[in-house]
Amino acid sequence: MAILEELSEQEIIRRQSLDELRNLGIDPYPAAMYPVTHTTEDIISNFESMSSLQTNVCVAGRIMARRIMGSASFFELQDEKGKIQVYVKRDDICPGEDKTLYNTVFKRLLDIGDIVGVKGFVFRTQMGEESVHAQELTLLSKSIKPLPIVKEKDGQVFDAVTDAELRYRQRYVDLVVNPHVREVFIKRSKIINTMRDFFNSKGYLEVETPILQPIPGGATARPFMTHHNALDIPLYLRIANELYLKRLIVGGFNGVYEFAKDFRNEGMDRTHNPEFTVMEIYVAYKDYFWMMEFTEEMLERVALALHGTTKVTIGDKEVDFKRPFRRLTMTDAIKEHTGVDITGKTEDELRKICKDLGVDADETMGKGKLIDAIFGEKCEHHMIQPTFIMDYPIEMSPLCKRHRSNPELTERFELMVNGKELCNAYSELNDPIDQMDRFQDQLRLSEKGDDEAMFIDLDFVRSLEYGMPTCSGMGIGIDRLTMFMTNQPSIQDVLFFPQMRPEKKAQKDTAEAYTSKGIPADWVPVLQKMGFNTMASLVNVAPGKLFNDICGYNKKNKLGLANPSMDDVKRWVEQ
RNA sequence: CGGCUCGUAGCUCAGCUGGUAGAGCACGUGACUCUUAAUCAUGGGGUCGAGAGUUCGAUCCUCUCCGAGCCGACCA
C-alpha cells in the first residue's frame with residue numbers, strides 16, 4: 001500500500017532493493033575498504049597509454065547515468081575528479097552459469113546515485129568513448145533517495161539544478177549534481193593556502209585566539225551572546241580577534257596571524273552571513289605604508305596562484321591586482337568625486353556639506369561618521385580597481401594610531417576593490433593613555449545614542465601599558481576575497497553551508513492520537529493523506545463531506561478498507 | 001524592515017477568464033551484446049508551499065502565514 005506511506009514510490013522501491021540485496025547475501029553497506037588504484041582523472045589524462053596496454057584499474061564512485069541494454073550496458077561513474085564511462089558485459093561480470101549479478105543486481109537493484117567499485121581494464125569503445133571495461137562490480141553504498149537527474153550532451157547541460165534553496169540547504173546534492181560548484185571551494189582553499197604560505201615564508205606565526213570572549217572587542221558590531229554555566233557569566237562570540245592578536249605582539253611575537261571565524265548578529269544579504277571568515281595579521285616594527293606593500297604582494301600572489309595572471313573578471317568588470325595599487329587619501333577621494341575639500345571643516349560645516357551633497361546625516365553623527373557617509377555614498381562605488389584609501393578621521397578608528405602629521409586623522413587604510421571594502425589596516429595604536437581616551441570617547445558616543453560604539457577592554461589597555469612595539473595590522477574578509485577571485489555574486493556561493501532559516505516540518509499527530517479517539521488505525525494514513533495531519537484539524541469538519549471524501553478515497557485507490565458508518569465519522573469530528 | 005518575483009510528480013518546467021492537473025527526464029514491467037540527453041513498447045506516480053475567505057465548486061481570485069530569490073533600507 002505504497003500510496004499511504006510517507007515515502008515516494010521511488011524511495012520505497014529502493015528500500016525494497018535493499019532487502020533484496022541482503023537476501024542475495026550482498027551487504028549494501030559493506031565495511032571493508034575498497035582498493036581504489038586510480039581516479040577518473042588519472043585514466044582520462046593517461047588514456048592513450050593505458051588503453052593500449054589495457055591497464056587494469058580499480059575505480060570507485062557514484063553511478064550518475066545508466067544505459068542498459070540486453071546483456072551489455074554502460075554507466076557513468078563519477079568520482080571526486082570527474083566522470084568515466086564503464087562498460088558492463090553480462091558474461092564478463094558473471095562468468096559462470098549464475099547471471100544474477102548482472103540481470104538482477106546490476107540491472108534492477110542498482111540505481112543512479114549508488115556508490116560502486118569497478119575493477120577492469122581501460123579501453124576505448126567503438127564510438128570512441130574513453131571507458132573502463134568492468135570485470136568485477138562491487139556495491140559500496142546504496143542510495144535510497146533519488147538524486148536530481150541532470151543530463152549532459154557535448155558539454156551542454158540539461159535540467160540543471162538551479163533552485164537556490166535546494167543548493168544551499170542540501171549542499172551535498174549540489175556538489176554531486178553540479179560538479180563545477182566544487183571548483184569554487186577548491187579555489188577558496190587555494191586562496192587560503194597561498195596566503196598562509198606567504199605569511200609562513202616571512203616567519204610569521206599562525207595562532208588561535210578565543211572565540212568565546214567576555215568582552216566582544218576589536219570592531220563595532222552587535223555580537224551573539226551566550227552563557228557559561230560553570231562560571232555563570234555571559235560570553236560573546238567574537239566579532240573580531242584584533243585585541244588578542246595585539247596582546248601577542250605585546251608578548252613578544254614579531255608577526256602573528258589567524259584565519260578566524262567571526263560572528264555578527266546583524267542582517268543577512270548577498271554579502272553578509274552571520275558567521276564569516278577573516279584573516280588578521282599583525283607585524284611588529286612596521287607601519288601602514290609597509291602594510292600596503294605587503295597587502296599588494298599578498299593579493300598579487302593570490303591572483304597569480306589562482307588564475308596565472310593578475311587580471312580577474314568580476315561581473316562585467318576586469319580587475320587587475322598587479323602591484324602597485326593606487327593610493328588616495330580619503331580627503332582626496334572626496335575631493336575627486338564631489339569637488340569638496342573637507343580639510344579642517346567643523347562638524348557643523350560637514351553637516352551642511354552633507355546636506356548640499358544630498359547625503360543623509362542626523363544629529364547623532366560626529367565628524368567621523370559624517371565624513372564616512374560622504375565617502376560611502378559618493379566615492380566608494382567608483383573604486384573598481386584596487387585602491388588604497390588612506391587617512392581616516394580619528395573618530396572612526398579608535399584602535400588606530402594618530403596620523404604622524406595630522407592629529408585629526410589616523411594612519412589607516414582600506415583597500416577598495418569593485419566598489420567594496422576588502423581590507424582594513426592600521427598603524428596600530430600603542431599609546432595606552434591615548435587608547436584609554438579613545439575608548440572613553442566611544443563610551444560617550446554610545447551614551448549619545450551610537451549603538452555601534454566599542455566596549456572598553458581594560459585588560460587590553462593594561463597590556464599596552466607594558467609596552468607594545470610599533471606595529472601594523474591588517475584584516476581581510478576571506479569570503480569577500482573569494483567572491484572576487486572566483487567571480488561569485490553571492491556570499492552563499494563561497495560558503496559550503498550558508499545560514500538559512502530552519503526548515504519546518506508539517507506537524508503531524510501520531511497514530512495513537514487518532515486511535516485513542518476511536519479512529520481505526522487503518523484510516524489514519526488516509527486522513528493524513530487528505531491533509532488532516534492533526535486531531536485538531538478534524539474539529540468542526542462537516543461530517544458528511546468527510547464521510548464522502550474518505551469513502552471515495554478508499555474506493556478510488558482500491559484500498560479495500562471497511563468504510564466507517566456516518567455515525568462513526570460524526571464521533572470523530574466531535575472529539 | 002519595505003517593494004517585486006517565485007513555490008505544481010524525485011528533478012526541470014508547462015497549465016488554468018475558477019470545473020481537483022500535463023510534458024520530458026527519473027521510476028516499474030518487457031525488448032535489445034559498443035551505448036552515450038541510448039532506443040522501442042507499456043505502466044504507475046500529485047495534500048498544485050500552509051491556513052482562512054469568496055464560490056455550488058479554488059492549483060487559479062482575495063487575505064494571512066511559511067520558505068526562497070532579486071532590489072532598496074539598515075548594518076559592515
Side-chain angles (χ1 to χ4, degrees), chain A residues 2-3 7-14 16-17 64-76 83 85-92 102 107-108 111-113 123-131 133 143-169 173 177 219-222 239-240 262 264-274 276 278 360 372 376 380 414 420-422 424 451-452 475 477 479-480 489-490 492 500-507 526-533 537 545 549 552-553 556-557:
Chain A
I3 194 165
L7 299 170
S8 71
E9 182 190 35
Q10 294 191 47
E11 288 173 293
I12 291 159
I13 288 164
R14 288 188 181 210
Q16 287 167 351
S17 299
M64 295 305 286
R66 305 201 301 161
R67 293 181 282 278
I68 292 183
M69 291 162 296
S71 54
S73 303
F74 295 88
F75 69 88
E76 300 282 337
K83 284 183 194 169
Q85 175 174 271
V86 177
Y87 177 59
V88 183
K89 196 169 165 186
R90 185 187 62 203
D91 297 338
D92 286 350
Y102 182 81
K107 283 173 76 173
R108 197 157 63 77
D111 293 286
I112 289 173
F123 82 115
R124 192 187 288 279
T125 64
Q126 289 172 13
M127 300 299 288
E129 175 98 4
E130 294 120 340
S131 308
H133 188 129
S143 162
I144 59 169
K145 214 168 176 61
L147 279 173
I149 302 298
V150 179
K151 296 271 184 176
E152 195 186 331
K153 187 183 188 182
D154 302 332
Q156 198 187 347
V157 175
F158 300 85
D159 300 333
V161 174
T162 54
D163 177 39
E165 191 162 3
L166 191 156
R167 289 190 49 225
Y168 300 148
R169 282 193 200 278
V173 173
V177 302
T220 53
R222 288 214 303 277
I239 56 174
D262 287 348
R264 298 189 181 177
N265 201 346
E266 292 170 349
M268 291 165 55
D269 59 36
R270 209 176 70 254
T271 57
H272 296 86
N273 196 64
F276 58 101
V278 171
D360 283 341
D372 190 39
E380 210 174 67
E414 289 192 353
K420 304 261 166 39
E421 174 202 330
L422 180 61
N424 185 21
D451 57 3
E452 295 188 330
D479 309 295
R480 193 165 285 181
S490 163
Q492 293 164 306
M500 301 285 276
R501 278 205 158 76
E503 290 177 274
K504 270 196 198 152
K505 279 192 150 177
Q507 196 188 331
V526 177
L527 288 167
Q528 293 198 335
K529 194 76 184 173
M530 301 193 67
F532 299 105
N533 284 323
S537 65
K545 178 167 168 55
D549 285 350
Y553 191 93
K556 179 182 170 195
N557 292 293

Please round to the nearest 0.5 Å and tell me the distance separating atom NZ of A/Lys89 and atom CE of A/Met69.
11.0 Å

Mind checking A/Ala160 for me? I need base, sugar-phosphate or nothing, with any heavy atom below 4.0 Å counting as a touch.
sugar-phosphate

Nearest-angstrom distance from the residue atom CG of A/Asp163 to C1' of B/G7:
9 Å

Pick base, sugar-phosphate or nothing for A/Gln156, based on heavy-atom distances below 4.0 Å to the nucleic acid.
nothing

Would you say A/Arg67 places a side-chain N or O within less than 4.0 Å of OP1 or OP2 belonging to B/C32?
no

I'd like the C1' distance from B/A21 over to B/C40, given in whole Å.
28 Å

Which residue pairs pass the side-chain hydrogen bond (donor to acceptor under 3.5 Å, both in side chains) test when at least one of the two sits in residues 143-153 of chain A, sequence neighbours left out?
A/Glu11-A/Lys145, A/Arg14-A/Ser143

Quick one: which of B/G10, B/A68, B/C34 gets closest to the side chain of A/Met127?
B/C34

Donor-acceptor contact below 3.5 Å, side chain A/Arg264 vs main chain A/Ile239:
yes

Provide the distance between the two C1' atoms, one in B/U5 and one in B/G10, to the nearest whole Å.
25 Å

Quick check on RNA chain B: between A/Asp91 and A/Leu166, whose nearest nucleotide comes earlier from the 5' end?
A/Leu166

A/Glu129 side chain: which of B/G10, B/U35, B/U33 is closest?
B/U35

Atom pair distance, as rounded to whole Å: CD in A/Gln85 and P in B/U36:
10 Å

Roughly how far, to the nearest 0.5 Å, is OG1 of A/Thr271 from CZ of A/Phe276?
11.0 Å

Distance between P atoms of B/U64 and B/G2 (Å, rounded):
11 Å

Run A/Leu166 and A/Val173 through side chain to side chain contact (heavy atoms under 4.5 Å, CB included) and show every step you take.
CA-CA 8 Å; A/Leu166 191 156; A/Val173 173; 3.8 Å; yes

For A/Phe75 and B/A37, give me the distance from atom CZ to atom C1', rounded to whole Å.
18 Å

Given side chain to side chain contact (heavy atoms under 4.5 Å, CB included), test A/Asn273 with A/Asp479 step by step and report yes or no.
CA-CA 9 Å; A/Asn273 196 64; A/Asp479 309 295; over 6 Å; no

Taking the same atom, P, in B/G19 and in B/C11, what whole-Å distance lies between them?
26 Å

What is the separation between atom CZ on A/Arg167 and atom P on B/U12, rounded to the nearest whole Å?
12 Å

By the 4.0 Å heavy-atom rule, please label A/Arg90 as base, sugar-phosphate, or nothing.
nothing

Interatomic distance where CE belongs to A/Met69 and C1' belongs to B/C32 [whole Å]:
8 Å

Between the base of B/A37 and the ring of A/Phe158 - centre-to-centre under 5.5 Å, planes within under 30° - is that a stack?
yes

side-chain hydrogen bond (donor to acceptor under 3.5 Å, both in side chains) evaluation trace for A/Gln492 with A/Ser490
CA-CA 5 Å; A/Gln492 293 164 306; A/Ser490 163; 3.3 Å; yes

Using the salt bridge (Lys or Arg N to Asp or Glu O under 4.0 Å) criterion, which residues pair with A/Lys420? Sequence neighbours excluded.
none

Letter by letter from the 5' end, nucleotides 23-29 of chain B scores (B base, S sugar-phosphate only, - none; protein heavy atoms under 4.0 Å) -BSBSSS

Nearest 0.5 Å, please: how far is CG in A/Asp111 from CG in A/Leu147?
10.0 Å

Where the side chain of A/Arg270 is concerned, which of B/C71, B/U33, B/U36 is the nearest nucleotide?
B/C71

In whole Å, what separates the P atom of B/G43 from that of B/A23?
12 Å

For nucleotides 39-41 of chain B, give me every protein contact, N/O to N/O, under 3.5 Å, one pair per line with atom names.
none

Say you draw a straight line from CZ of A/Arg108 to CD1 of A/Ile13; how long is it, rounded to the nearest 0.5 Å?
10.5 Å

Quick one: sort the A/Tyr87 and A/Phe74 rings into parallel, tilted or perpendicular, breaks at 30° and 60°.
tilted

Could you measure between the two C1' atoms, the one in B/A9 and the one in B/U20, and give it in whole Å?
15 Å

Report the C-alpha distance between A/Arg124 and A/Glu130 in whole Å, list the side-chain angles of each, state the deciding distance to 0.1 Å, and finish with yes or no for side chain to side chain contact (heavy atoms under 4.5 Å, CB included).
CA-CA 5 Å; A/Arg124 192 187 288 279; A/Glu130 294 120 340; 4.1 Å; yes

Write out the stems for RNA chain B, ordered by first number and formatted as range with range, counting runs of at least 3 consecutive Watson-Crick or G-U wobble pairs under 3.5 Å.
B:1-7 with B:66-72, B:10-13 with B:22-25, B:27-31 with B:39-43, B:49-53 with B:61-65

Base, sugar-phosphate or nothing for A/Glu11? Non-hydrogen atoms, less than 4.0 Å.
nothing

base_contact_polar (B/U36 base, A/Glu152 side chain, donor-acceptor, <3.5 Å):
no

With a non-hydrogen cut-off below 4.0 angstrom, is A/Phe123 in contact with a base, only sugar-phosphate, or nothing?
base

Whole-Å distance separating the NZ atom of A/Lys145 from the C1' atom of B/A9
14 Å

Reported CD-to-CG distance for the pair A/Glu165 and A/Asp163, which is rounded to 0.5 angstrom
6.0 Å

Rounded off to whole Å, could you give me the CG-to-P distance for the A/Asn273 and B/G69 pair?
11 Å

Who are the salt bridge (Lys or Arg N to Asp or Glu O under 4.0 Å) partners of A/Arg90, not counting sequence neighbours?
none

Roughly, in whole Å, what's the span from CD in A/Glu421 to C1' in B/C75?
13 Å

Taking B/C60 as the reference, what is the distance to B/C16 when you measure between their P atoms (whole Å, please)?
14 Å

Does the side chain of A/Gln492 get closer than 4.0 angstrom to OP1 or OP2 of B/A68 through an N or O atom?
no

Taking only the P atom of each, what is the distance from B/G49 to B/A14 in whole angstrom?
14 Å

